[in-house]
Amino acid sequence: MTIAAPGLIQPHGGSLVDLMVPADQREAVRTGVDRVVACSDRNACDVELLVVGGFSPLRGFMHQEDYEAVVANHRTSSGLLFGLPIVFDTDDASIAVGDRLLLTYQGQDLAVLTVESRWEPDKVKEAKGCYGTTSLEHPAVRMIASERGRFYLGGRVQGLALPRRVFPCRTPAEVRSTLPSGEDVVAFQCRNPIHRAHYELFTRALEATNVSEGGVVLVHPTCGPTQDDDIAGEVRFQTYERLASEVNNPRIRWAYLPYSMHMAGPREALQHMIIRKNYGCTHFIIGRDMAGCKSSLSGDDFYGAYEAQDFARDNAPELGMETVPSLNLVYTEEEGYVTAEHAEARGLHVRKLSGTQFRAMLRGGEEIPEWFAFRSVVEVLRAAA
């Protein structure tokens, strides 16, 4: 473990975990493993965040006791807040407690997992506890039912290498080294390309009354697996890089998070806050229906519009963090981006473009209005189409 740098918020649990084995010891750690197990994309994200300390203070995958405690009450067995359980899954019934597993990903040796706990989870209880529903219409319920293996494993992790990715994901320690000492750091989470409204949202968050004058915003998109119809992480990464270069704003920091989305609404909002605390953030922007999802059959939302906001706000003091509510911004012909309340009070003319319309215009080669999307982002999306 490493102690947090002075002037920055303490990591969750007090110390930043680093599970990477020194280079001269990796071969010895690799020697004598019982078997080789390939990681899924989601497994690889979890391994990486464990190794670099994104899931501090965890030093490995959760044991059954912690898993059941988090499912039941978003806390580990010791009472520490945690939004979602972190477990390794397998269908291999022969894996036993005491086995040392070499975890690989796309032919690369990532880590050694020493199995200290093995159980067959009650996935119905997990779905209801973590996602508030047992419906297979929820993407994470479908994921744990059809993608995750029959057994869960917990135990100590020793890191050998980080996954090779198109998008470089800086570690919490590396991100922290770039942050201003003694100033607030506002985290902006997204899983889609950033459009004008997003940019207005997170830059205006720096003007919030509970953010210090010299504060910065960390734009920290998730680039791991997400919903099936979302734009691929590699493409999103290119849009962020182009936009960062274009706006060149010294109060905006950019980094990428190797995290797999669960679309878990309130629980995911808490998970994101904990992770961003480990990356040095003091504040977190909570959007309307953050990490929410809809039934593809009925179209109904699985979570209330402000459920994630309320849950995150209620738990923020225990984390030593603050939330910054997401402004409901609209574009008006007369004044550009303003709050919806301001536009209504002034009788301004609001212009709208839905995500569905935007994607159709992209496919059709139509001109995208610059009030909606940055030209540089549109160019990347067109090239990838």
Side-chain angles (χ1 to χ4, degrees), residues 11-15 17 19 40 42-43 45-51 53-90 97 113 115-134 138-145 147-157 189 222 224 257 259-278 284 290-292 302-303 307-308 310-321:
H12 196 41
S15 298
V17 168
L19 302 179
S40 66
R42 289 182 182 273
N43 292 152
C45 287
D46 287 344
V47 169
E48 182 168 358
L49 285 173
L50 283 170
V51 169
F55 288 143
S56 294
L58 300 186
R59 300 191 64 81
F61 288 100
M62 290 180 178
H63 293 191
Q64 183 176 0
E65 184 182 22
D66 281 335
Y67 158 81
E68 291 178 348
V70 171
V71 167
N73 195 35
H74 58 271
R75 292 179 185 276
T76 64
S77 57
S78 66
L80 193 70
L81 282 171
F82 233 91
L84 296 166
I86 309 300
V87 292
F88 195 88
D89 65 286
T90 182
V97 170
L113 165 61
V115 182
E116 298 166 343
S117 181
R118 173 190 177 277
W119 69 99
E120 190 168 351
D122 182 337
K123 292 188 178 182
V124 173
K125 185 179 288 187
E126 178 182 350
K128 188 64 176 175
C130 293
Y131 311 121
T133 179
T134 57
H138 190 292
V141 175
R142 193 163 58 248
M143 179 271 291
I144 64 173
E147 293 179 29
R148 273 190 178 169
R150 177 181 172 187
F151 305 100
Y152 287 177
L153 308 174
R156 181 169 60 104
V157 167
Q189 148 68 23
T222 53
L257 184 70
Y259 175 86
S260 59
M261 292 290 294
H262 290 242
M263 310 310 298
R267 287 291 197 102
E268 188 121 56
L270 176 59
Q271 193 86 328
H272 280 297
M273 286 181 68
I274 290 169
I275 293 170
R276 280 8 183 274
K277 179 181 180 181
N278 288 328
F284 191 72
M290 179 186 170
F302 281 106
Y303 310 108
E307 206 172 330
D310 293 345
F311 190 69
R313 183 198 62 231
D314 291 347
N315 285 286
E318 188 173 338
L319 293 174
M321 298 180 72

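Across all their heavy atoms, T134 and A127 have their closest contact at CA-CB, 4.3 Å. What you find for P85 and C130 is that their closest heavy atoms are CD-SG, 3.6 Å. The heavy-atom pair separating H63 from G154 by the smallest distance is CD2-C, 4.0 Å. Heavy atoms only, all atoms of each residue included: Y303 and P266 are closest at CD2-CD, 3.6 Å.
In this structure, the side chains of V97 and S117 stay at 4.5 Å or more apart for every pair of heavy atoms. Y152 is not listed as a side-chain neighbour of F61, based on a closest heavy-atom distance of 4.5 Å or more. Side-chain atoms of F82 and R75, non-hydrogen and from C-beta on, never get closer than 4.5 Å to each other. Residues L153 and D89 have side chains not in contact (no heavy-atom distance under 4.5 Å, counting atoms from C-beta outward). A 4.5 Å side-chain heavy-atom check between D122 and V71 finds every atom pair outside the cut-off. Contact annotation: the side chain of T222 approaches that of Q189 to within less than 4.5 Å [non-hydrogen atoms, C-beta and beyond]. Counting heavy atoms from C-beta on, the side chains of Q271 and H74 never come closer than 4.5 Å. Using a 4.5 Å heavy-atom cutoff, the side chains of I86 and Y67 are not in contact.
Counting only distance, with no hydrogens or angles, the side chain of R267 and the backbone of G129 share a donor-acceptor pair below 3.5 Å.
Counting only residues at least two apart or in different chains, salt bridge (charged side-chain N to carboxylate O under 4.0 Å, His left out) contacts with residues 124-134 comprise E126-R148.
Remark: R118 qualifies as a cation-pi partner of F151 under the 6.0 Å distance and 45° angle criteria applied to the six-membered ring.
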From CA spacing to verdict: side chain to side chain contact (heavy atoms under 4.5 Å, CB included), E116, Q64 | CA-CA 10 Å; E116 298 166 343; Q64 183 176 0; over 6 Å; no
Between N43 and E48, does a side chain to side chain contact (heavy atoms under 4.5 Å, CB included) hold up when you go through it step by step?
-> CA-CA 9 Å; N43 292 152; E48 182 168 358; over 6 Å; no
Stepwise, does the side chain to side chain contact (heavy atoms under 4.5 Å, CB included) test hold for I275 with F55?
-> CA-CA 6 Å; I275 293 170; F55 288 143; 3.8 Å; yes
Dump the intermediate steps for side chain to side chain contact (heavy atoms under 4.5 Å, CB included) on V157 and R59, then the final yes or no.
-> CA-CA 7 Å; V157 167; R59 300 191 64 81; over 6 Å; no
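Residue R313 places its CZ atom among more than 12 non-hydrogen atoms of other residues, nucleotides or ligands, all under 6.0 Å distant. Enclosure of atom CD in E120 by more than 12 non-hydrogen atoms of other residues, nucleotides or ligands within 6.0 angstrom is indicated.
In the model, E268 has a side-chain atom that pairs as donor or acceptor with a side-chain atom of Y259 under 3.5 Å. Side-chain polar atoms of H138 and R142 form no donor-acceptor pair below 3.5 angstrom.
Once rounded to the nearest 0.5 Å, the distance linking NE2 of H12 with CZ of R276 reads 14.5 Å. To the nearest 0.5 Å, atoms OG (S40) and CD (E147) are separated by 7.5 Å. In this structure, C45 SG and L257 CG are separated by 8.0 Å, a value rounded to the nearest 0.5 Å. Expressed to the nearest 0.5 Å, how far CG of L84 lies from OH of Y131 amounts to 5.5 Å. For the atom pair L19 CG and L49 CG, the distance stands at 11.5 Å (nearest 0.5 Å). Atom CE in M261 sits 11.5 Å away from atom CE in M143 (nearest 0.5 Å).
Each of L319, N278, N315 was evaluated against M273; a single residue qualifies, L319, per the side-chain contact (heavy atoms from CB on, under 4.5 Å) test.
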